[in-house]
Amino acid sequence: MRGAPVAFGVFGMNEHLMQTYARLPVAFARGEGVRLWDTDGKECLDALSGIAVCSLGHANPAVSEALCAQAGELVHTSNLYGIENQSKLGDALCRLSGMDKAFFSNSGAEANEAAIKLARLYGSQKGVADPAIVVMEGAFHGRTLATLSATGNRKIQAGFEPLVSGFNRVPYNDLEAVQRVAENNPNVVAVLVEPVQGENGVRIPDAGYLAGLRENCDANGWLLMLDEIQTGMCRTGRWFAFQHEDILPDVMTLAKALGNGVPIGACLAHGVAADVLGPGTHGSTFGGNPLMCRAALAVVDVMESDNLADRAEALGQRFADGLSSRIGGLDAVSNIRHKGLMIAVDFDRETAPLVKIALDHGVLVNATAGNVMRLLPPLVATDEEADAMIERIVAAVKEFLQ
Ligand SMILES: *Cc1c(COP(=O)(O)O)cnc(C)c1O
């Protein structure tokens with residue numbers, strides 16, 4: 001999409017917008033559940049949910065009502081004062097996760113910044129002069145300087161050197177590599193890892209990986225910090241992906257689906273980690289304000305009352321089965337995998353062109369990690385809506401491979 005900007009209305013490409021995204025030539029004006037309508041009124045099924053954000057679908061009535069009600073009462077005060085909705089949300093997230101305390105931010109990257117600062121302060125309080133954090137090849141943790149330094153993707157880092165130091169990188173899904181770091185680096189204080197690598201193409205580690213990391217962290221006095229920004233909030237078939245294994249992290253970050261589109265992130269901590277960040281060590285002007293927390297409370301309420309973790313597991317299986325039977329046998333398709341409603345199809349070629357073809361077929365999908373088609377459908381889709389998405393995706397894939 002480089003070159004002359006394409007004009008297509010007020011929401012689209014514009015000479016006054018920095019071109020940080022290679023945008024598709026479409027802008028959406030309205031949404032309802034799994035459906036979006038573009039500025040020309042054309043309907044589209046959303047199998048991406050704004051990248052795992054709108055898990056409750058677009059314009060979810062419970063979230064919209066909560067936002068409207070809160071907007072009429074109080075939008076913002078300050079973290080200089082008590083915020084009732086923030087307290088309630090902290091209570092709810094700790095009850096669901098088993099964590100002890102929460103810090104609220106405005107985005108995923110900021111939630112990870114809080115986690116990284118927490119780990120460094122934890123190290124510094126233990127007397128480690130130059131604390132380091134173990135991170136993974138292929139990881140994605142955000143676009144701020146610290147989080148892009150923690151990210152394991154050179155394309156995201158290139159040109160932004162000097163990077164933030166203090167990250168030791170090891171291969172993903174390799175417990176022995178973490179053990180070797182433990183033997184060679186006395187300054188390590190934490191491990192930061194995604195339970196499933198989302199941006200890297202839905203990489204699902206072996207069962208027992210997180211439990212192995214937990215053991216490793218316990219043996220070395222390190223904090224296990226899980227980036228559940230994409231995997232959290234019922235996406236993988238549990239409230240949080242670590243609940244697939246019988247462990248508790250020391251730190252967990254959330255964002256994406258937490259506000260169903262309202263910007264909010266959270267850094268939760270357990271045990272000793274919960275008391276590391278004290279007064280004056282961290283902050284945020286907007287973080288955890290009454291409006292964003294009210295939205296997140298509505299999200300939690302719907303996910304809990306509609307049991308969407310179980311729904312994500314069942315629906316993920318439906319997508320995987322549907323795609324496997326329809327395109328799994330094609331020569332160009334080498335693998336179909338899923339963890340709940342994080343779904344990936346590996347192709348023998350770059351998937352970027354597939355995204356536009358799918359759009360023309362009326363379905364939103366994502367290309368990531370080169371040859372991967374990634375799906376992150378809303379958790380509220382009915383079986384019929386899921387089947388309609390599969391139908392359109394299959395048609396798009398067939399055209400893509402022609
Ligand atoms: C999206 C994402 C982030 C970054 O979140 P932002 O809200 O874009 O800052 C970090 N980690 C993971 C695993 C993500 O999927």
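Below, each value reflects all heavy atoms present in this structure, side chains not excepted, and no hydrogens, waters or symmetry copies. In each ligand, atom 1 is the first atom listed, and ligand 1 is the first ligand listed.
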Close side-chain approach of Phe319 to Leu341, heavy-atom, < 4.5 Å: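 Yes, at least one pair of side-chain atoms sits under 4.5 Å.
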Side chain to side chain, Leu308 and Val380, heavy atoms closer than 4.5 Å: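 Touching, per the 4.5 Å side-chain cut-off.
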Tyr209 atom OH: more than 12 heavy-atom contacts under 6.0 Å: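 Result for OH/Tyr209: enclosed.
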Within 6.0 angstrom of Glu73 CD, more than 12 heavy atoms from elsewhere: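 It does: Glu73 CD has more than 12 such atoms within range.
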Approximate separation, where rounding is to 0.5 Å, of Glu65 CD and Asn60 CG: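 Here the interatomic distance stands at 9.0 Å.
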For [X], is at least one N or O under 3.5 Å away from an N or O on ligand 1?
| X | result |
| --- | --- |
| Glu110 | no |
| Gly142 | no |
| Ala255 | no |

Using a strict cut-off of 4.0 Å, indicate which atoms of ligand 1 neighbour a heavy atom of [X].
| X | value |
| --- | --- |
| Gln230 | 15 (O) |
| Gly108 | 5 (O), 6 (P), 7 (O), 9 (O) |
| Asp227 | 10 (C), 11 (N), 12 (C), 13 (C) |
| Glu194 | 13 (C) |
| Asn112 | 10 (C), 11 (N) |
| Ala109 | 4 (C), 5 (O), 6 (P), 9 (O) |

Minimum-distance pair of heavy atoms, taken over all atoms of Asp250 and Ala273: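 Closest approach of Asp250 to Ala273: O-CB, 3.6 Å.
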The single option from Val34, Val363, Ile343 passing side-chain contact (heavy atoms from CB on, under 4.5 Å) against Pro377: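 Considering Val34, Val363, Ile343, a side-chain contact (heavy atoms from CB on, under 4.5 Å) with Pro377 is found only for Ile343.
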Residue, atom name and distance, where the atom is the protein heavy atom closest to atom 1 (C) of ligand 1: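 Among all protein heavy atoms, the one nearest atom 1 (C) of ligand 1 is Lys256 NZ, 1.4 Å.
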Mutual orientation of the aromatic rings belonging to His282 and Phe103 [parallel < 30°, tilted 30-60°, perpendicular > 60°]: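 The rings of His282 and Phe103 sit tilted, inter-plane angle from 30° to 60°.
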Protein heavy atom under 4.0 Å of atom 7 (O) of ligand 1: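 Neighbour list for atom 7 (O) of ligand 1 includes protein heavy atoms (cut-off 4.0 Å).
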